[in-house]
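Everything numeric here is computed off the predicted structure, so don't read it as measured data. What you see below is based on every heavy atom in this structure, not just the backbone, and it leaves out hydrogens, waters and symmetry mates. Along the sequence shown, residues carry numbers from 1.
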Amino acid sequence: MKFIKNILCCGLILSSNMLFAQQDQKMDSFINDLMKKMTIEEKIGQLNLVTAGEATTGSVVSTDVESKIKAGNIGGIFSMTSPARIRKAQELAVNQSRLKIPIIFGMDVIHGYKTIFPIPLGLAATWDMPLIQKTARVAAVEASADGLNWTFSPMVDISRDARWGRISEGSGEDTYLSSRIAREMVVGYQGDDLSKNNTLMACVKHFALYGAAESGRDYNTTDMSLHRMYNEYLPPYKAALDAGAMSVMTSFNDINGVPASANHWLLTDLLRKDWKFNGLVVTDYTAVNELIDHGLGDLQKVSELSLKAGVDMDMVGEGFLTTLKKSLDEGKVSEDEINRACRFVLEAKYRLGLFEDPFKYCSEDRAKKEILTPEHLKLAREAAGKSFVLLKNASNTLPLKKQGTVAVIGPLANSGANMPGTWSVSADLNNTQSLVEGMQSVLGDKVKIVTHLGTNLTDDAALQERSTMFGRTIPRDERNPEDIIASAIQVSQEADVIVAALGESSEMSGESSSRTDLNIPESQKRLLEALVKTGKPVVLVLFAGRPLTLSWENEHVPAILNVWFGGTETGKAVADVLFGDVNPSGKLPATFPQNVGQVPMYYSQKNTGRPLAKDAWFQKFRSNYLDVSNEPLYPFGYGLSYSKFEYAAVKLDKSSIHKADKLKVSVTVKNNGNFDGEEIVQLYLQDLVGSQTRPVKELKGFQKIFIEKGKSKEVEFIIEEEDLRFYNQQLEFVSEPGKFKVYVGTNSRDVQEAEFELMD
């Protein structure tokens with residue numbers, strides 16, 4: 001517990017901070033001398049981040065990059081990879097620009113570089129902090145081996161609206177879990193010494209509140225109270241910065257009426273003054289230019305506003321490059337403001353060791369030896385298997401026996417390009433195994449696999465095209481849909497069991513992939529209904545980048561395994577779980593609603609003055625719906641196992657504590673099943689009476705434990721006064737005396753409870 005304290009006490013972070021402290025005096029002297037030599041044009045040039053266009057991450061590509069490098073008009077480049085290409089660009093900067101200032105090279109390394117791990121929402125489902133840190137470390141090793149030194153990750157935006165496509169890129173709905181993951185990602189990327197050549201500078205995004213976009217529509221307005229902001233949405237950003245993250249990316253949305261990239265309160269008052277952040281602030285893709293459409297002025301005006309707000313680097317739009325000198329001459333910005341931004345860019349390069357050796361990341365030998373190694377692929381397979389969430393397993397349908405014939409049916413069965421998931425811009429899509437190929441490589445001749453497309457991804461050809469961009473194509477069968485299904489059923493007749501590979505394509509989630517319909521596409525549902533009618537055992541292997549609405553599937557399909565998008569080794573990892581070599585242990589990091597009308601939906605809601613009675617559905621003049629219960633289909637923290645875990649009553653070592661005390665919470669968990677397995681024991685707290693409304697439950701701790709079949713383990717948590725704090729109306733981080741409930745269980749709904757009191 002005491003998460004923030006744990007972060008500050010982490011050895012890696014302490015050693016990193018000590019190193020920075022030792023470097024500061026030398027760095028300041030070096031940069032002071034350098035900036036004295038720089039013209040104002042060269043200082044402004046350092047604020048310009050351009051794209052080489054190698055990976056598609058936005059709508060425009062920078063032009064005339066080579067001449068701008070020579071003129072000192074570029075501070076950084078992203079979407080350029082390989083030691084040879086990066087060396088060539090760096091040579092232009094350090095050999096042909098006047099002051100020989102090196103360039104920083106970045107990329108959207110989101111859930112792996114070439115070795116792709118599960119999408120971030122899937123990684124969050126592992127609840128495995130050491131594993132998550134290892135995936136970030138591997139990503140840093142591979143990306144830095146290919147010439148990169150900056151990643152635009154982690155994305156720590158809290159999202160409680162499954163319509164928002166970028167929920168796939170974050171860690172879900174919960175503040176505590178997301179904060180823990182944010183810390184692990186930063187430490188994994190940056191290591192214990194940022195100047196080493198196998199590290200990446202982390203960039204915390206999107207600052208701030210991007211995941212709360214209205215109606216789940218990407219780039220849309222965000223509007224919330226300071227109370228909610230401080231208690232629920234800001235902590236993951238702070239956790240990442242406390243872990244040592246050296247850069248921050250602004251978000252696209254507005255906050256209290258002012259877009260993030262022009263928001264002085266956000267970027268200066270909160271980030272710099274209150275949180276003492278001393279790193280680099282970069283905008284998102286063309287965010288400065290987009291302030292024009294927000295209605296804040298022309299390019300010169302919005303560039304002025306962004307600089308004054310606290311932005312240091314302008315991504316792609318080149319508003320800083322083309323207007324700041326004019327604004328300086330007209331007295332609209334000051335040289336001190338330009339110097340401030342330039343200094344933060346130069347400091348980032350200094351901390352990365354680029355002034356000492358600008359070519360330290362340009363090793364052809366490393367690129368050949370340290371990418372897609374057997375060890376990295378092994379970790380990817382492990383991470384994928386641990387990310388999968390078993391949603392249903394009626395009559396022990398799973399695990400399957402390694403014998404007979406299995407039919408793998410559906411549009412996701414034979415599409416290797418979709419397995420890495422969204423935001424895997426460096427993945428080798430042509431050489432990624434499909435689900436069927438992965439299963440065949442694992443099972444060999446023990447199981448005969450037959451396969452069929454079964455149905456188009458969706459009946460709407462235009463929607464399918466939008467949902468399979470960036471090389472993630474799924475072929476279409478232009479026959480009558482009923483004829484396609486009939487062919488699939490014929491193939492399935494020879495099988496002993498049917499695996500239905502259905503759900504979203506990888507690009508149905510991610511940036512600019514918002515959806516108003518969270519069902520499996522109707523074309524696929526018709527196929528699934530037909531497969532169930534065969535009477536054969538059916539396992540739904542669900543591909544998804546977000547919570548989906550699965551009410552029919554939950555009622556009619558015997559087994560459902562949510563595999564998100566598991567990365568490079570998805571196919572093998574699915575086979576591992578389906579056939580029992582790996583016991584599933586993933587737990588949902590986001591609530592699955594019954595239907596889209598319940599969205600936004602999350603477990604840590606607040607009571608109303610007219611709460612619905614427990615276990616009730618509808619009561620007039622109570623907070624509920626006419627047509628569906630308030631309950632989710634699958635609650636936050638939910639996930640089944642091939643094991644059967646039984647929880648004893650929760651024990652507290654005392655019934656009350658004072659502020660200096662510690663409360664020990666313990667529970668015995670027994671594995672009553674026939675398989676050894678891992679269980680994620682979750683602890684929640686509820687502040688029963690306070691000066692303001694508080695959530696019905698808040699996650700405050702969890703432990704992932706392994707229990708052999710037939711054995712028991714006692715799990716202990718320690719609660720301290722700091723765990724009971726929240727931001728009050730005065731934005732003071734306080735606890736209040738009174739009664740609290742403790743909940744411990746296998747998910748946020750199925751818990752044991754006890755009560756204690758915090759005394760004055």
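Taking the charged nitrogens against the carboxylate oxygens, E679 and K670 have no contact shorter than 4.0 Å, which rules out a salt bridge. For the pair R272 and D312, the salt-bridge criterion is met [side-chain N within less than 4.0 Å of a carboxylate O]. Look at R351 and D24 and you find a salt bridge, because one of the NZ, NE, NH1 or NH2 atoms lies within 4.0 Å of a carboxylate O, short of that distance. Checked for salt-bridge contact, E232 and R160 meet the test: a charged N lies under 4.0 Å from a carboxylate O.
Checking side-chain atoms of E757 against main-chain N and O of S655 turns up no donor-acceptor pair under 3.5 Å. In this structure a side-chain-to-backbone donor-acceptor pair under 3.5 Å is present from K704 to T126. In this structure a side-chain-to-backbone donor-acceptor pair under 3.5 Å is present from N263 to V258. In this structure a side-chain-to-backbone donor-acceptor pair under 3.5 Å is missing from D723 to I719. Between the side chain of D161 and the backbone N or O of G216 there is at least one donor-acceptor pair closer than 3.5 Å. Judged by distance alone, the side chain of H111 and the main-chain N or O of T422 form a donor-acceptor pair under 3.5 Å. Remark: side-chain polar atoms of S509 are not paired, donor with acceptor, to backbone N or O of G165 under 3.5 angstrom. In this structure a side-chain-to-backbone donor-acceptor pair under 3.5 Å is present from S514 to D218. With S735 contributing its side chain and E721 its backbone, the two residues share no donor-acceptor pair below 3.5 Å. The main-chain N or O of M246 is found under 3.5 Å from a side-chain atom of Q190 such that the two form a donor-acceptor pair.
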Show your working on side-chain hydrogen bond (donor to acceptor under 3.5 Å, both in side chains) between K606 and T693 and close with a plain yes or no. CA-CA 7 Å; K606 295 183 179 181; T693 57; 3.2 Å; yes
I would like to know whether S153 and Y189 meet side-chain hydrogen bond (donor to acceptor under 3.5 Å, both in side chains); could you show each step before the answer? CA-CA 9 Å; S153 176; Y189 288 139; 2.8 Å; yes
Could you check K386 against E678 for salt bridge (Lys or Arg N to Asp or Glu O under 4.0 Å), going step by step and ending with a plain yes or no? CA-CA 10 Å; K386 287 179 178 288; E678 289 183 305; 2.8 Å; yes
Salt bridge (Lys or Arg N to Asp or Glu O under 4.0 Å) between R546 and E169, worked out: CA-CA 9 Å; R546 52 159 57 85; E169 197 183 337; over 6 Å; no
Do S215 and N220 pass the side chain to side chain contact (heavy atoms under 4.5 Å, CB included) test, and can you show the C-alpha distance, the side-chain angles, and the key distance before you say yes or no? CA-CA 8 Å; S215 69; N220 206 8; 3.5 Å; yes
Audit row: R694, Q686, side chain to side chain contact (heavy atoms under 4.5 Å, CB included) steps and yes/no: CA-CA 8 Å; R694 304 287 293 126; Q686 182 184 12; over 6 Å; no
Verify side chain to side chain contact (heavy atoms under 4.5 Å, CB included) between Q605 and V696, making sure each step is shown before the conclusion. CA-CA 6 Å; Q605 61 186 304; V696 296; 4.0 Å; yes
For L391 and N554, run side chain to side chain contact (heavy atoms under 4.5 Å, CB included): C-alpha distance rounded to whole Å, both residues' side-chain angles, the deciding distance at 0.1 Å, then the answer. CA-CA 8 Å; L391 298 176; N554 184 63; 6.0 Å; no
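In terms of heavy-atom proximity, A754 sits nearest to V650 at CB-CG1, 4.2 Å. Of all heavy-atom pairs between A240 and V204, the closest is CB-CG2, 3.5 Å. In terms of heavy atoms, F592 sits closest to L548 at CD2-O, 3.3 Å. Between P635 and S748, the shortest heavy-atom contact is CB-OG, 3.7 Å. The shortest non-hydrogen separation linking V389 to G639 is CG1-CA, 3.8 Å. Contact between V599 and P593 at its shortest, heavy atoms only, is CG2-CG, 3.9 Å.
S629 and Q594 share a side-chain donor-acceptor pair at under 3.5 Å. There is a side-chain donor-acceptor pair under 3.5 Å between K587 and T746. E173 and T591 share a side-chain donor-acceptor pair at under 3.5 Å. In this structure, a donor-acceptor pair under 3.5 Å is absent between the side chains of S171 and S178. Counting only N and O atoms by type, the side chains of N253 and S251 include a donor and acceptor under 3.5 Å apart.
The ring pair (Phe, Tyr, Trp, His ring centres under 6.0 Å) search around F733 returns Y727, not counting sequence neighbours. Among residues two or more places apart in sequence or in another chain, the salt bridge (Lys or Arg N to Asp or Glu O under 4.0 Å) test is passed with E753 by K741. The side-chain contact (heavy atoms from CB on, under 4.5 Å) search around A208 returns L234, Y237, I255, L266, not counting sequence neighbours. Remark: E184 engages no residue in a salt bridge (Lys or Arg N to Asp or Glu O under 4.0 Å) (not counting sequence neighbours). With sequence neighbours left out, W150 forms a ring pair (Phe, Tyr, Trp, His ring centres under 6.0 Å) with F152. In this structure W164 satisfies the ring pair (Phe, Tyr, Trp, His ring centres under 6.0 Å) test together with Y210, sequence neighbours excluded. With sequence neighbours left out, F740 forms a ring pair (Phe, Tyr, Trp, His ring centres under 6.0 Å) with F756. Take D157 and apply the salt bridge (Lys or Arg N to Asp or Glu O under 4.0 Å) test, not counting sequence neighbours, and it matches no residue. Under the side-chain contact (heavy atoms from CB on, under 4.5 Å) criterion, R622 pairs with R610, P611, L612, Q619, N624, not counting sequence neighbours. Applying the side-chain contact (heavy atoms from CB on, under 4.5 Å) rule to S623 yields the partners T608; only residues at least two apart in sequence or on another chain are considered. Under the side-chain contact (heavy atoms from CB on, under 4.5 Å) criterion, K697 pairs with Y603, Y684, Y743, V751, not counting sequence neighbours.
Between R228 and Y233, the closest side-chain pair of non-hydrogen atoms falls below 4.5 Å. Y638 places a side-chain heavy atom less than 4.5 Å from the side chain of L640. Within the 4.5 Å cutoff, the side chain of V742 has heavy atoms near those of the L685 side chain.
If you look at W127 and F636, their ring centroids are closer than 6.0 Å.
Enclosure of atom CG in D627 by more than 12 non-hydrogen atoms of other residues, nucleotides or ligands within 6.0 angstrom is indicated. Residue-environment remark: NZ (K134) stays at or below the threshold of 12 foreign heavy atoms within 6.0 Å. Within 6.0 Å of atom NZ in K739, 12 or fewer heavy atoms from other residues, nucleotides or ligands are found, so the atom counts as exposed in its surroundings.
Put simply, OG1 on T549 and CG on N595 are 7.0 Å apart, with the number rounded to the nearest 0.5 Å.
Applying the ring-ring contact (aromatic ring centres under 6.0 Å, His included) test to pairs two or more places apart or on separate chains, those with a residue in residues 264-284 are F207-W275.
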